[in-house]
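Each remark here refers to the structure printed beneath this line.
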Amino acid sequence: MPTDRRRLIAGLAGLALGLAALAGCSRPAPETPPVILAAASLQGPLDEALALWAAQGHPAPVVSYAGSSALARQVEAGAPTDLFISADEAWMDALARKQLIRPDSRAALVGNRLVLIAPAASTAQLDIRPGMDVAALLDDGRLAMADPEAVPAGRYGKAALTALGAWTAVANRVAPAENVRAALALVERGAAPLGVVYATDARASSGVRVVGVFPENSHPPIVYPIAVVAASKQDQAEPLRQFLLSVPAQDVLARHGFSPAAAP
């Protein structure tokens with residue numbers, strides 16, 4: 001092969017490799033998905049709503065579910081987070097006082113109800129009213145509920161039982177769980193004869209039945225606030241927050257039993 005032809009072929013090959021490398025360098029980096037810390041009672045319904053967001057071409061958010069108290073502490077510790085969804089106002093207030101959320105991004109996402117549950121096969125009957133005797137239905141067992149000293153569902157439950165005059169009799173018979181889903185699991189397995197959980201949790205489980213619904217005036221309003229974390233550098237955090245407050249996402253949450261929430 002003539003020398004000039006070899007040089008031309010080598011030059012073209014080098015140009016092709018150079019263009020390929022340049023194309024590789026100019027390829028945009030994959031988008032980093034938003035990170036959400038959300039109350040355990042939202043698991044399932046929130047995943048379904050977020051699937052709608054991802055279907056619009058956005059990166060699927062990374063979600064960690066746990067008790068609101070544990071999640072708030074993660075935010076306080078500086079865990080990389082973009083959105084925080086609490087099951088009560090108190091934990092969002094705690095972060096707001098430390099300027100760890102963007103105050104103008106705070107909004108009420110949904111509401112819920114509080115119920116007393118028993119295993120599906122149980123025949124327990126109780127009229128939820130002042131003076132009710134919850135302890136009598138426990139027999140030798142315990143009342144499953146999220147930790148009443150820290151977790152929102154437990155706080156709501158303690159408030160309701162106190163308002164109805166039943167807390168003193170059951171206070172030392174509580175089986176405190178790390179979150180409301182863990183309390184639900186105790187009743188599902190028959191490890192506890194009764195439990196206090198959100199209506200949405202009971203609705204999603206075939207292993208329990210609702211004994212009664214606590215009056216709304218027996219506890220503070222159950223509101224799930226959402227906010228962008230102050231340290232977030234995620235461009236999609238605010239659009240995602242707005243999407244979760246929009247009709248399509250709210251319709252998904254309503255289908256699972258959550259109610260519209262009044263602004264805090």
Are [X] and [Y] connected in the hydrophobic side-chain network, where two residues link if heavy atoms are under 4.5 Å apart?
{"X": "Met92", "Y": "Val110", "answer": "no"}
{"X": "Met145", "Y": "Trp91", "answer": "no"}
{"X": "Val208", "Y": "Leu186", "answer": "no"}
{"X": "Val229", "Y": "Leu46", "answer": "no"}
{"X": "Leu114", "Y": "Leu143", "answer": "yes"}

Surrounding CD of Gln99 (heavy atoms of other residues, nucleotides or ligands, distance under 6.0 Å), is the total greater than 12? no

Kindly check if the number of other-residue, nucleotide or ligand heavy atoms within 6.0 Å of CG (Asp235) is above 12? no

Contact check, side chains of [X] and [Y], non-hydrogen atoms, under 4.5 Å:
{"X": "Pro45", "Y": "Arg255", "value": "no"}
{"X": "Tyr224", "Y": "Ser86", "value": "no"}
{"X": "Val211", "Y": "Ile117", "value": "no"}
{"X": "Gln242", "Y": "Leu240", "value": "no"}
{"X": "Val228", "Y": "Gln234", "value": "no"}
{"X": "Leu161", "Y": "Met132", "value": "yes"}
{"X": "Arg106", "Y": "Ile101", "value": "yes"}
{"X": "Val210", "Y": "Leu116", "value": "no"}

[atom2] on [Y] to [atom1] on [X], rounded to 0.5 Å:
{"X": "Leu253", "Y": "Glu48", "atom1": "CG", "atom2": "CD", "value": "8.5 Å"}
{"X": "Ile36", "Y": "Asp82", "atom1": "CD1", "atom2": "CG", "value": "8.5 Å"}
{"X": "His256", "Y": "Ser41", "atom1": "NE2", "atom2": "OG", "value": "13.0 Å"}
{"X": "Leu244", "Y": "Ile85", "atom1": "CG", "atom2": "CD1", "value": "5.5 Å"}
{"X": "Leu52", "Y": "Ser246", "atom1": "CG", "atom2": "OG", "value": "8.5 Å"}
{"X": "Leu95", "Y": "Phe84", "atom1": "CG", "atom2": "CZ", "value": "5.5 Å"}

Taking all atoms of both residues into account, what is the closest heavy-atom pair of [X] and [Y], and its distance?
{"X": "Glu238", "Y": "Ser105", "result": "OE1-CB, 4.1 Å"}
{"X": "Val151", "Y": "Ala177", "result": "CG2-O, 4.4 Å"}
{"X": "Ala163", "Y": "Ser218", "result": "CB-O, 3.5 Å"}
{"X": "Leu164", "Y": "Pro215", "result": "CD1-CD, 4.2 Å"}
{"X": "Pro176", "Y": "Asp147", "result": "CB-CA, 4.1 Å"}
{"X": "Leu71", "Y": "Ala38", "result": "CD1-O, 3.1 Å"}

Is the shortest distance from a Lys or Arg side-chain nitrogen in [X] or [Y] to a carboxylate oxygen in the other one below 4.0 Å?
{"X": "Lys158", "Y": "Glu149", "value": "yes"}
{"X": "Asp127", "Y": "Arg129", "value": "yes"}
{"X": "Arg173", "Y": "Asp140", "value": "no"}
{"X": "Glu76", "Y": "Arg73", "value": "no"}

Any pair counted as side-chain hydrogen bond (donor to acceptor under 3.5 Å, both in side chains), so long as it reaches residues 196-210, sequence neighbours left out: Asn112-Thr200, Arg181-Asp201, Glu188-Ser205

Please answer whether the main-chain N or O of [Y] pairs with a side-chain N or O of [X] as donor and acceptor at a distance below 3.5 Å.
{"X": "Arg142", "Y": "Val170", "answer": "no"}
{"X": "Arg113", "Y": "Ile222", "answer": "no"}
{"X": "Thr81", "Y": "Val35", "answer": "no"}

Walk me through it: do Ser232 and Arg102 pass the test side chain to side chain contact (heavy atoms under 4.5 Å, CB included)? CA-CA 9 Å; Ser232 172; Arg102 297 179 191 171; 4.0 Å; yes

Full working for side chain to side chain contact (heavy atoms under 4.5 Å, CB included) between Val134 and Trp167: CA-CA 9 Å; Val134 180; Trp167 177 250; over 6 Å; no

ring-ring contact (aromatic ring centres under 6.0 Å, His included) contacts touching residues 42-74 (sequence neighbours left out): Trp53-His58, Trp53-Phe243

